[in-house]
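In this chain, residues are counted from 1 in sequence order. As the structure lists them, so they are numbered: ligands from 1, and atoms in each ligand from 1.
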Amino acid sequence: MAGEYRFSFGPWNIHEGGDPFGPTVRDSISFGEKLKLYKKLGFDGVQFHDDDAVPEMNKLGPKEIVDKAKEVRKMLEGEGLTAEFVAPRLWEDPRTIDGGYTANDPAARQYAKDRSRRAIDIAVALDTKLIVLWLAREGTYIREAKDSKVAVDRLVEAIDDMLGYNPDMKIAIEPKPNEPMDQAYIPTTGHALALGYLTKDPKRVGVNIETAHAILAGLDPSDEMGFALAYEKLYTVHLNDQNGLKFDEDKSFGSVNLRRAFDQVRLLDKYDYGKRGEFVGLDVKVMRTQKQDGATKHLSNSRTVFLKLVELVRSLDEGKVEQLIAGRDYEELDMLIMSHLLGK
Ligand code: 3MF
Ligand code: MG
């Protein structure tokens, strides 16, 4: 079963534990050392921010960026790893304080478009055809700061620029309702897919659904995934977990609500997720309290939980489920699922 699914995570998922209220608590691990951990932990795919692959890329010209990215591709090949996607990091530069694509300053918008083209160059060099857009600062703290209709026009313009720049690239928008902004313009799967249909090539615009982001929007992650699957738009996932409406916690998959994780796995497995080349992507953070040595357990544990849930999903008595649905006995169905999760 492990061989049926390929798993991925980003190098940011192994981190030093700094948070907005306190300093780092663990030593840094270099990118090269992180790459060596992937296979050991059971992972085949690497998710990238553009500058995870090419640090300080704003100081380099387009050709130098591509050359550096090609070196990273060699490193990946050396470890037997594949790049899953590249995401332009548009939320740290001083020019994107007011947003990238939706900034009020035209120079800032141009920077965001140029940087996105460089991210596409990196994706080509790393041999992936997937760009992820987490629209971190494309929103407002106060509604009057931007025009929400114009913001959507600008997002379309920016995505069109990327689609035009490379006709092979697909774009997975990663919706999130808030954080860092008070209100994001693309908070849900429905918004992301609708945005895709305003672009010049909707066939190449889909979503990356993150469990925690759906929960933060008050939605059920498996239902969001079902919505995207109905449109054949679930390009990738960021599985994790979230304990209610608070900061984005990126907890280990299934660690808060095992049944909610079961429902996600059940849907993905039922609709052959992964068979079209998709990775089971994680976006998980280890607890700040974790010591240096065990600071990758959140990754291997999330993967293990996913695989155990695949087993559980496949051993569910689907005949019984259908029978209970036909009889509209959802109380008994509820008990069937709970008993199954309890192992009896
Ligand atoms: C933010 C996120 C990010 C994105 C990543 C890729 C740190 O809430 O989930 O992970 O997934 O930047 O775009
Ligand atoms: Mg994410």
Side-chain angles (χ1 to χ4, degrees), residues 7-20 34 45-55 57 83-93 96 99-101 112 115-116 118-120 122-123 126 128 130-139 155 158-159 162 169-189 191-192 205-217 219 221 224-225 228 234-243 245-253 264 278-286 288 298-299 302:
F7 295 85
S8 72
F9 68 86
W12 64 88
N13 285 151
I14 300 175
H15 65 103
E16 298 84 358
D19 71 15
K34 286 182 186 177
V46 184
Q47 309 169 12
F48 283 94
H49 294 119
D50 47 8
D51 57 3
D52 291 324
V54 185
M57 58 186 277
E84 188 202 357
F85 67 69
V86 176
R89 199 196 296 270
L90 290 172
W91 49 93
E92 289 188 353
D93 193 90
T96 59
Y101 311 131
R115 171 85 180 221
S116 304
R118 299 291 80 76
I120 291 174
I122 293 172
L126 294 179
T128 173
L130 187 62
I131 292 288
V132 162
L133 290 185
W134 171 46
L135 301 166
R137 300 200 185 275
E138 315 303 350
L155 287 169
I159 294 172
M162 285 179 253
M169 243 355 111
K170 287 167 88 175
I171 296 177
I173 299 170
E174 182 178 329
K176 183 178 182 184
N178 57 273
E179 198 199 39
M181 307 311 290
D182 172 68
Q183 188 70 53
Y185 284 127
I186 306 298
T188 69
T189 308
H191 287 84
V205 187
V207 285
N208 172 15
I209 295 184
E210 174 157 328
T211 313
H213 297 179
I215 296 164
L216 285 170
L219 299 168
E224 291 294 282
M225 289 172 190
L234 189 57
Y235 293 172
T236 188
V237 291
H238 262 174
L239 299 184
N240 57 20
D241 214 348
Q242 172 74 26
N243 192 17
L245 298 182
K246 50 187 81 163
F247 66 96
D248 183 10
E249 298 183 299
D250 295 329
K251 283 173 163 291
S252 291
F253 183 55
Q264 290 167 74
E278 308 95 325
F279 277 91
V280 177
L282 302 179
D283 194 2
V284 289
K285 281 204 186 80
V286 78
R288 190 168 186 266
H298 58 312
L299 293 158
S302 294

Would you say N240 and D250 are linked by a side-chain donor-acceptor pair, where the criterion is simply a distance under 3.5 Å? yes
Atoms of type N, O or S from protein under 2.8 Å of the Mg ion (ligand 2), total 4
Using only atom types and a distance under 3.5 Å, with no angle test, would you say the side chain of E138 pairs donor to acceptor with the backbone of G100? yes
Are the side chain of T128 and the backbone of E84 linked by a donor-acceptor contact shorter than 3.5 Å? yes
Would you say the rings of H49 and W134 are close, in the sense that their centroids are separated by under 6.0 Å? no
Could you walk me through whether Q47 and H238 satisfy the side-chain hydrogen bond (donor to acceptor under 3.5 Å, both in side chains) test, starting with their C-alpha distance in whole Å, then the side-chain angles of each, then the deciding distance to 0.1 Å, before giving a yes or no? CA-CA 10 Å; Q47 309 169 12; H238 262 174; 2.7 Å; yes
The test is salt bridge (Lys or Arg N to Asp or Glu O under 4.0 Å); show your working for R115 and D51 and say whether it passes. CA-CA 10 Å; R115 171 85 180 221; D51 57 3; 3.5 Å; yes
Quick check: does any side chain N or O of E210 sit under 3.5 Å from a backbone N or O of P221, one acting as donor and the other as acceptor? no
Report all N/O contacts between ligand 1 and the protein shorter than 3.5 Å as a table of atom names and distances to 0.1 Å; if there are none, say 'none'.
| unit_1 | atom_1 | unit_2 | atom_2 | d |
| --- | --- | --- | --- | --- |
| ligand 1 | 8 (O) | K176 | NZ | 2.9 |
| ligand 1 | 8 (O) | H213 | NE2 | 2.9 |
| ligand 1 | 8 (O) | D248 | OD2 | 2.9 |
| ligand 1 | 9 (O) | E174 | OE2 | 3.0 |
| ligand 1 | 9 (O) | E210 | OE1 | 2.9 |
| ligand 1 | 9 (O) | H213 | NE2 | 3.3 |
| ligand 1 | 9 (O) | D283 | OD2 | 2.8 |
| ligand 1 | 10 (O) | D283 | OD2 | 2.8 |
| ligand 1 | 11 (O) | E174 | OE1 | 2.8 |
| ligand 1 | 11 (O) | E174 | OE2 | 2.7 |
| ligand 1 | 11 (O) | H238 | ND1 | 3.1 |
| ligand 1 | 11 (O) | D283 | OD2 | 3.1 |
| ligand 1 | 12 (O) | H49 | NE2 | 2.6 |

Residue pair H15 / V286, side-chain heavy-atom distance below 4.5 Å: yes
Please check: side-chain N/O of H213 versus main-chain N/O of P175, any donor-acceptor pairing under 3.5 Å? yes
